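Only one structure is covered here, and it is reproduced in the block below.
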Protein chains: 2
Amino acid sequence: MAPREYGQYCGITRALELVGERWALLIVRDLLVGPRRYGELAAGLPRIPTNVLAARLKELQEAGILRRAPRSRVIVYELTPYGHELEPVVLALGAWGFKALDDPRDEQIVTPDSITMSLRTAFRPQVAAELPSTVYGARLGPDELLIRVAGPTLDVARESGPADLAFATGPGIHRLISGELAPDRAIATGVVEVLRGRGDLLDRFASTFHLAA
Amino acid sequence: MAPREYGQYCGITRALELVGERWALLIVRDLLVGPRRYGELAAGLPRIPTNVLAARLKELQEAGILRRAPRSRVIVYELTPYGHELEPVVLALGAWGFKALDDPRDEQIVTPDSITMSLRTAFRPQVAAELPSTVYGARLGPDELLIRVAGPTLDVARESGPADLAFATGPGIHRLISGELAPDRAIATGVVEVLRGRGDLLDRFASTFHLAA
DNA sequence: CCGCATCCCATGTGATACTG
DNA sequence: CAGTATCACATGGGATGCGG
């Protein structure tokens, strides 16, 4: 038997053999947002050694989870349909781990892809369906996200554009999503800085994206 | 920063820091079935080095996922409420990995706890609710499981007792659950051996426990 | 025996340098 | 830009020891 196998005939062990290695599910997390080039993956996972990234990509490809796809002269990595089926796993992990987040430390970064998956985790379709469609523009450091909520559907794109509410924030937004911090307090304390639009729309945001701690 | 941390402020990375180490989620898998002693965990994970088991138990305890509980002179490990919240993660992983199972190899074992969690993964409450309550007795090598399906609820216990259908089987049962093998074919080919009761109840079993490949 | 702790070695990981 | 090569080190795997 291969030394890194668990020796059990079981779905969970099989899953862990395929995506249980260090960094593997984080690569999947970023690819769930969209196809990514090697350098984009490396940028979204700043602490991954480049040889490990290369090794994981090879393993995940051999496992049928992702594929290298040539896109007009450059190569992108994209999930296969089977790889995409990991989304429930990643969302469940994210929801569980969210509750174990303590206050952010300085060296902890927030990447656009990680925020995007966090928003997908915290998104409450049934609540959103009852609210008017809304576009939020979020600036996180140098990155901008356009968060479109239309009925029960969510779309998060890495672009800028017109928004009903544009705000700048950082890791502290997790306290807004957890309900630990009320929207008006978030604005008052500077955790969220309103750039354009009606600040009271942050109430709607907090209702739409919520994950109890 | 601790060297084994990912350096991101994100629920998924946090989750992987807590339960992403090798063997950790398999320990959780077995504890989801019930409290277990050190030796029981070691027996259910025959390939885990004993020092790694001890290390994981310590880490999972510090993370608030499990606790050591004295039970009448012996110590058992049991999940905390927060640890129990990993069940959706484990079930999602199991459902995904189930589809990647190929034919079992000789050295791959099936443990009572892994089978129990597989049954929980494959259980279809809405289908079961439409069927009469049924008790199945499954013998897997030396182990016996009593599988009680009552309405939309499932209970799997490691004991023997009266059953509407008692059968012996092995890893090949996964082909029954995946639908790859019809119930009558499973009996005909010896994948499932009926010990007592009406063999046609295996149809009901296959309807109740199903996970498409 | 059960519940670990210790030792040793193979392997995986991390940091850095390097190449097509 | 997209990886490969190299090397130090941490972790995992396997055997064994050992106290209660």
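Below, read A as the first sequence line, B as the second, and so on, with proteins coming before strands; counting in each chain starts at 1. Predicted, not measured: the structure shown is a model, and the values here were computed from it. The figures here come from the full heavy-atom set of this structure, side chains too, leaving out hydrogens, waters and symmetry mates.
- Looking at the side chain of A:Arg68, the nearest of the listed nucleotides D:dG3, D:dA15, D:dT4 is D:dG3.
- With hydrogens and angles disregarded, a donor-acceptor distance shorter than 3.5 Å links the side chain of A:Tyr82 to the backbone of B:Trp96.
- Aromatic ring pairs are classed by plane angle as parallel below 30°, tilted from 30° to 60° and perpendicular above 60°; the pair A:Phe167 and A:Phe205 is perpendicular.
- Residues meeting the salt bridge (Lys or Arg N to Asp or Glu O under 4.0 Å) test with B:Lys58, sequence neighbours left out: none.
- A donor-acceptor contact shorter than 3.5 Å links the side chain of A:Thr169 to the backbone of A:Val191.
- For the pair B:Arg4 CZ and D:dA10 P, the interatomic distance rounds to 11 Å; values are reported in whole Å.
- Take B:Arg67 and apply the side chain to side chain contact (heavy atoms under 4.5 Å, CB included) test, not counting sequence neighbours, and it matches B:Glu78, B:Thr80, B:Pro81.
- Counting only residues at least two apart or in different chains, salt bridge (charged side-chain N to carboxylate O under 4.0 Å, His left out) contacts with residues 26-55 of chain B comprise B:Arg36-B:Asp113.
- Taking atom CZ of B:Arg47 as the reference point, atom P of C:dA10 lies 17 Å away to the nearest angstrom.
- Separating the CD1 atom of B:Ile48 from the C1' atom of D:dG13 is a distance of 11 Å, rounded to the nearest angstrom.
- With distances taken from any side-chain atom of A:Thr50 to the nucleotides C:dC4, D:dT4, C:dG14, the minimum falls on D:dT4.
- For the pair B:Gln108 (side chain) and B:Arg105 (backbone), a donor-acceptor distance under 3.5 Å is present.
- Summary for the helix from C:dC1-D:dG20 to C:dG20-D:dC1: the axes at its two ends, each from 5 pairs, differ by 30° when rounded to the nearest 10 degrees.
- What separates CD of A:Glu59 from P of C:dT11 is a distance of 15 Å, to the nearest Å.
- B:Leu53 has its CG atom 16 Å from the C1' atom of D:dA15, to the nearest Å.
- Set against D:dT4, D:dG13, C:dC4, the side chain of A:Ala54 has D:dT4 as its closest nucleotide.
- Looking at B:Glu159 and B:Arg148, a side-chain N of the basic residue comes within less than 4.0 Å of a carboxylate O on the acidic one, giving a salt bridge.
- In the interface, the side chain of B:Asn51 is paired with the base of D:dG14 through a donor and an acceptor atom under 3.5 Å apart.
- Between the CG atom of A:Leu60 and the P atom of D:dG3 there is a distance of 14 Å, given to the nearest Å.
- Here ring-ring contact (aromatic ring centres under 6.0 Å, His included) pairs that include residues 20-64 of chain B, with residues two or more places apart or in two chains, are A:Tyr6-B:Trp23.
- Note: CZ (A:Arg73) to C1' (D:dC1) measures 12 Å, nearest angstrom.
- For DNA chain D, the residues of residues 19-42 of chain A within the heavy-atom distance limit of 4.0 Å (strictly under) are A:Arg37, A:Tyr38, A:Gly39, sorted by number.
- Here B:Lys58 reaches the OP1 or OP2 of C:dA5: one of its side-chain N or O atoms lies under 4.0 Å away.
- In this structure, B:Glu5 atom CD and C:dG14 atom P are separated by 12 Å, rounded to whole Å.
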